[in-house]
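A short worksheet on the structure shown next.
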Amino acid sequence: LMLCLFHVFGTVGSWISYGLFGLFGSMAYVFPILIALLFFFSGISLKKARFFCFSILCFLMLCGFAHLISSFSLNNHDILSYYTACAKGKTGGGIVGGTIALGLYLMLSKTGAMIITILVIILCFFFLFEQQIKFLFSIQGILYEYERSDKHVRKRKDYSYCGAES
């Protein structure tokens, strides 16, 4: 699929490229990598199923975000025009991103739609990589670990002083 995006396979590759860019816009470059990773991590377990669901949600929201930041007008409610414009220009979020962006735009305006997509993408990364929010918002990741280890050392010091005095 990746080679089709660069028109290596002739006419059939061009059709596949047109279809992928029409569906996903500029995120069509990421789609073959996502498919390869999902096949690599395939297996039935709760952790892998969660990874699968959040990676797809993150990809779809990235398509919507790509469509929001592109120069396409969201006042046009013809969704099929998103397909042809994104396939020809290889920009935007395709019909998938255009549908998500249009739905959020109609409910929240462009600024609200961008804020929601960014927040959902960040939350997806938290769930994908299992990071704590406190760890991310600390001044440095090392500071958070230092505070945890410092409390543990202070407890040991308190016990050692109590034992030394008696």
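Residue numbers count from 1 along this sequence.
- Follow the hydrophobic side-chain contacts under 4.5 Å out from V120 and you reach L106 in the same cluster.
- Interatomic distance, OG1 of T11 versus CD1 of I16, reported as 11.0 Å (0.5 Å rounding).
- Formation of a donor-acceptor pair under 3.5 Å by the K110 side chain with backbone atoms of Y105 is not found in this model.
- By the 4.5 Å heavy-atom criterion applied to side chains, L102 and H67 are not counted as neighbours.
- Under a 3.5 Å cut-off, the side chain of S26 and the backbone N or O of G92 do form a donor-acceptor pair.
- Residues L119 and F127 do not share a hydrophobic cluster, defined by chaining ILVMFWY side chains whose heavy atoms lie under 4.5 Å apart.
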Table please: side-chain donor-acceptor pairs of residues 78-87 below 3.5 Å, with sequence neighbours left out.
| residue | atom | partner | partner atom | Å |
| --- | --- | --- | --- | --- |
| S81 | OG | N76 | ND2 | 3.1 |
| S81 | OG | D78 | O | 2.5 |
| Y82 | OH | N76 | O | 2.8 |
| T84 | OG1 | S81 | O | 3.2 |

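- Residues L23 and W15 do not share a hydrophobic cluster, clusters being chains of Ile/Leu/Val/Met/Phe/Trp/Tyr side chains in contact below 4.5 Å.
- Between A66 and M27, the shortest heavy-atom contact is CB-CG, 4.3 Å.
- Going from atom CG of L34 over to atom CD1 of I56 covers 6.5 Å, rounded to the nearest 0.5 Å.
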Run F125 and F54 through side-chain contact (heavy atoms from CB on, under 4.5 Å) and show every step you take. CA-CA 8 Å; F125 280 120; F54 281 114; over 6 Å; no

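- To the nearest 0.5 Å, atom SG of residue C63 and atom CG of residue L68 are 11.5 Å apart.
- Rounding to the nearest 0.5 Å gives a distance of 11.5 Å between OG1 of T111 and CD1 of I116.
- At least one side-chain heavy atom of L104 sits under 4.5 Å from a side-chain heavy atom of M61.
- Between S17 and F21 there is a side-chain heavy-atom pair separated by less than 4.5 Å.
- Transitive grouping of hydrophobic side chains (ILVMFWY, heavy atoms separated by less than 4.5 Å) brings L123 and I118 into a common cluster.
- Annotation: side chain of F24 is not in contact with side chain of Y29 (no heavy-atom distance under 4.5 Å).
- Of all heavy-atom pairs between I121 and C58, the closest is CG2-SG, 4.2 Å.
- For the pair L60 and I100, the tightest heavy-atom approach, listed with the atom from each and the gap, is O-CD1, 3.4 Å.
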